[in-house]
Number of protein chains: 2
Amino acid sequence: MTVSRVLRNRGDVSQATRDRVLEAAKTLGYVPNKIAGALASQRVNLVAVIIPSLSNMVFPEVMMGINEVLDETPLQPVVGVTNYDPQREEKVLYEMLSWRPSGVIIAGLEHSDAAKSMLKAAGIPVVEIMDTDGEAIDACVGISHRRAGRKMAKAILKAGYKNIGFLGTKMPLDHRARKRFEGFTEVLAKEGIEISDREFYEGGSALAKGREMTEVMLERTPELDFMYYSNDMIGAGGLLYCLDQGINVPGQIGLAGFNGVELLDGLPRQLATMDACRKEIGRAAAQIIADRSGESGDTGGGERIELSPKIAAGQTLKRR
Amino acid sequence: MTVSRVLRNRGDVSQATRDRVLEAAKTLGYVPNKIAGALASQRVNLVAVIIPSLSNMVFPEVMMGINEVLDETPLQPVVGVTNYDPQREEKVLYEMLSWRPSGVIIAGLEHSDAAKSMLKAAGIPVVEIMDTDGEAIDACVGISHRRAGRKMAKAILKAGYKNIGFLGTKMPLDHRARKRFEGFTEVLAKEGIEISDREFYEGGSALAKGREMTEVMLERTPELDFMYYSNDMIGAGGLLYCLDQGINVPGQIGLAGFNGVELLDGLPRQLATMDACRKEIGRAAAQIIADRSGESGDTGGGERIELSPKIAAGQTLKRR
DNA sequence: CTGAAAGCGCTAACAC
DNA sequence: GTGTTAGCGCTTTCAG
């Protein structure tokens with residue numbers, strides 16, 4: 001009835017009745033039931049956001065970007081965490097889709113077949129984020145991790161380093177880290193160079209792991225003159241370790257990480273890194289959903305935004 | 001009809017029909033509509049989680065605790081972020097309640113009157129987390145930040161420090177930081193000691209800010225022999241700064257932070273801190289909601305769990 | 001064990 | 001401008 005109209009600021013209602021309704025609503029402590037509303041209107045202002053983890057700052061930062069633009073709209077994000085587990089991803093996705101959200105933002109391009117079918121069948125905007133190396137179901141915004149790996153390899157070679165070590169996570173399911181690694185070794189291979197040593201970790205404090213791994217690797221392969229870390233946190237650990245040991249960085253050994261986390265600003269020396277454009281990705285993805293959910297005929301589709309991460313050479317990647 | 005029964009594994013359905021239904025559901029790619037289900041059953045398996053921020057690791061860690069226990073139940077968390085803004089908190093809360101969740105987990109004990117009324121009127125379990133210094137609406141799990149501040153002050157005094165500086169965030173709305181500060185100065189006052197200097201920051205990289213603030217303060221008040229940081233990140237920045245400057249820690253100056261973040265493990269020296277029991281808080285809060293949402297008559301109510309944070313004295317808070 | 005029927009609290013379309 | 005009506009897609013209750 002009329003009440004519904006005023007509560008949603010729709011069309012013709014006289015000021016008098018409007019006031020009366022608002023008054024009543026307030027005194028009764030009335031909170032509309034969105035479930036009923038959604039069912040009736042076939043519209044749910046929720047955006048499903050599916051990410052692998054909350055345990056490092058990267059996804060929370062993406063969330064912040066998403067929040068920023070969704071705040072300007074009636075849309076609300078609902079997040080689900082998969083722990084890098086395809087099974088869980090499938091389940092979380094199913095749960096979310098059963099709420100008939102206005103769109104979904106999901107990390108990565110790799111999903112189980114079932115997940116892909118659900119996404120395709122959902123008939124809502126789907127934005128796959130963080131990665132552009134592969135085929136998207138619908139829209140896609142991110143960076144090319146393969147290209148990022150290549151770019152860093154080139155910069156390192158150009159700076160004159162030759163004996164390069166790689167340190168990363170032991171995560172077969174972190175496809176983005178894997179792609180960076182592939183791009184990285186690819187460029188090295190072209191120059192006839194192979195990774196001199198490599199080390200992988202899982203669990204624990206990344207900073208501490210970075211220290212440990214660096215120690216182990218330097219002991220095992222003393223001729224190393226560069227270490228490429230698959231994320232800034234272990235890179236920072238490595239940097240702190242080197243400084244502790246009185247190792248000249250980058251004189252004796254150069255270092256680089258990946259992500260461009262804010263944390264690096266406070267380190268004794270600025271670690272070379274590459275900005276993964278996390279907030280920007282969140283913002284762009286949310287924008288796509290917001291734009292499309294406004295339209296009627298789902299005009300858009302298949303948007304593809306590839307951001308280009310830039311190297312922040314810091315002080316740990318200098319020409320020798 | 002029957003279909004509904006098999007999809008929910010309810011009561012008496014013959015294996016034959018069950019199979020037939022499952023079969024049909026699969027081939028049709030049927031995903032049940034939870035909105036309709038929720039409306040009909042008056043049951044929504046969502047738990048609203050309202051937190052101030054995602055920008056440091058503390059709340060993501062609480063989330064992980066919540067996820068852990070909710071994963072074992074049909075309940076699903078939905079998070080809302082307030083940016084420490086009571087206005088936003090009110091709005092976010094309103095939005096969430098309009099989905100009629102099974103419970104709400106909300107950070108802090110300080111809310112606007114409107115927010116409090118909504119929470120009281122909602123008729124669902126409400127767990128206020130992180131803080132126990134004040135009056136809870138319903139259940140409450142956290143630590144006493146006032147007590148935490150007092151405890152740290154005692155430890156510092158006992159270790160023989162006299163000229164103490166405080167460094168924290170410029171956040172009038174971070175009640176927990178404020179309470180820690182109050183507890184801290186209270187104990188000092190009892191011993192006839194006043195904070196020698198203080199400094200507050202906002203925005204930017206906490207690690208970098210920690211460095212800057214430490215530098216500024218040491219210049220301004222050279223007689224300081226201890227610095228108490230309101231979080232570990234700025235504490236870590238301070239520690240790195242001191243080490244850079246060749247300042248003997250804790251010989252010349254002692255340091256302590258707050259939170260017990262994992263990051264500290266990788267630092268050149270272990271910063272003294274106090275574990276805020278974040279994951280544990282998340283777990284306990286989720287458990288309360290889970291337990292109560294199982295019962296019919298909302299048996300429980302008013303649970304109050306106060307965890308006691310322990311000092312991890314690290315290497316930067318040693319008897320002089 | 002299975003079907004039919006009556007809502008859940010709203011929105012949308014249509015009268016008044 | 002305002003009231004009325006018919007569903008939205010399920011769950012629930014009650015008959016068969």
Side-chain angles (χ1 to χ4, degrees), chain A residues 1-46 48 73-76 94-102 118 121-124 293-298, chain B residues 1-46 48 74-76 94-102 118 121-124 293-294 296-298:
Chain A
M1 48 155 100
T2 325
V3 176
S4 171
R5 278 189 270 261
V6 7
L7 261 7
R8 287 178 301 137
N9 298 306
R10 290 298 219 88
D12 317 310
V13 189
S14 74
Q15 193 55 43
T17 19
R18 156 174 259 104
D19 289 346
R20 225 152 35 85
V21 173
L22 254 25
E23 172 71 23
K26 182 158 280 179
T27 62
L28 293 179
Y30 172 78
V31 176
N33 185 331
K34 283 215 175 150
I35 303 173
L39 182 59
S41 66
Q42 303 288 288
R43 246 196 320 264
V44 182
N45 288 326
L46 293 177
T73 74
L75 267 22
Q76 252 220 315
Y94 182 82
E95 296 287 318
M96 296 244 161
L97 287 181
S98 70
W99 286 102
R100 303 286 188 272
S102 301
M118 281 193 261
I124 54 176
S293 86
E295 300 150 13
S296 41
D298 209 334
Chain B
M1 47 157 102
T2 325
V3 175
S4 171
R5 279 190 270 261
V6 8
L7 263 5
R8 287 178 303 134
N9 299 306
R10 289 297 219 93
D12 317 310
V13 189
S14 73
Q15 192 55 43
T17 18
R18 155 175 260 105
D19 289 345
R20 225 153 34 84
V21 172
L22 254 24
E23 170 72 23
K26 181 158 282 179
T27 62
L28 294 179
Y30 173 79
V31 176
N33 185 332
K34 284 215 174 151
I35 304 173
L39 181 59
S41 65
Q42 303 289 288
R43 247 197 314 268
V44 183
N45 288 328
L46 293 177
L75 267 21
Q76 251 220 316
Y94 182 82
E95 297 286 318
M96 297 244 161
L97 288 182
S98 70
W99 286 102
R100 302 287 187 271
S102 301
M118 282 193 261
I124 54 178
S293 86
S296 42
D298 208 335

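Proteins come first, then strands; the chains are lettered A, B, ... in the order of their sequence lines, and each starts at number 1.
Listed nucleotides D:dT2, C:dT2, D:dC10 differ in distance to B:T17; the shortest reach to its side chain belongs to C:dT2. Of the candidate nucleotides C:dT2, C:dT11, C:dG9, C:dT11 has the atom nearest to the side chain of A:S4.
The phosphate of D:dG9 (OP1 or OP2) has no side-chain N or O of B:Y30 nearer than 4.0 angstrom. For D:dG9, one of the phosphate oxygens OP1 or OP2 lies less than 4.0 angstrom from a side-chain nitrogen or oxygen of A:Q42. Considering only side-chain N and O atoms, A:S41 lies nowhere under 4.0 angstrom from the phosphate OP1 or OP2 of D:dC8. Remark: A:S14 is not in phosphate contact with D:dG1, judged by side-chain N or O atoms under 4.0 Å from OP1 or OP2. For A:R43 and C:dC10, the shortest distance from a side-chain N or O to OP1 or OP2 is not below 4.0 Å. The side chain of A:Q15 places no N or O atom within less than 4.0 Å of a non-bridging phosphate oxygen (OP1 or OP2) of D:dG1.
A heavy-atom distance below 4.5 Å is not found between the side chains of B:E23 and B:D19. Using a 4.5 Å heavy-atom cutoff, the side chains of B:I124 and B:S102 are not in contact. A 4.5 Å side-chain heavy-atom check between A:R100 and A:Q42 finds every atom pair outside the cut-off. Counting only heavy atoms from C-beta outward, the side chains of B:N45 and B:P74 approach each other to under 4.5 Å. In this structure the side chain of A:L22 reaches within 4.5 angstrom of the side chain of A:V6, judged on heavy atoms.
A straight line from CD1 of B:I35 to C1' of D:dG9 spans 10 Å, rounded to a whole angstrom. The separation between A:R18 atom CZ and D:dT2 atom C1' is 14 Å, rounded to whole Å. For the pair A:N33 CG and C:dC10 C1', the computed distance is 7 Å after rounding to whole Å. We find that NZ of A:K34 is positioned 15 Å from C1' of C:dT11, with the value rounded to whole Å. Straight-line distance from the CG atom of A:L97 to the P atom of D:dG9: 16 Å, rounded to whole Å. The nearest whole Å value for the distance from the CG atom in A:D19 to the P atom in D:dG1 is 14 Å. Rounded to an integer number of Å, the gap from CZ of B:R100 to P of C:dC10 is 7 Å. If you take CZ of B:R20 and P of C:dC1, they are 15 Å apart, rounded to a whole angstrom.
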Compile the donor-acceptor pairs under 3.5 Å between side chains in residues 29-37 of chain B and protein atoms, sequence neighbours left out, one pair per line.
residue, atom, partner, partner atom, Å
B:N33, OD1, B:I35, N, 2.8
B:N33, OD1, B:A36, N, 3.3
B:K34, NZ, A:E95, OE1, 2.5

Write out a two-atom table: protein N or O, nucleotide N or O from nucleotides 13-16 of chain C, distance below 3.5 Å.
none

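Legend: residues meeting side chain to side chain donor-acceptor pair (under 3.5 Å) with B:S98, ordered by chain and number and at least two apart, are absent.
Of the two residues contacting DNA chain C, namely B:A36 and B:A16, the nearest-nucleotide position lying further toward the 5' end is that of B:A16.
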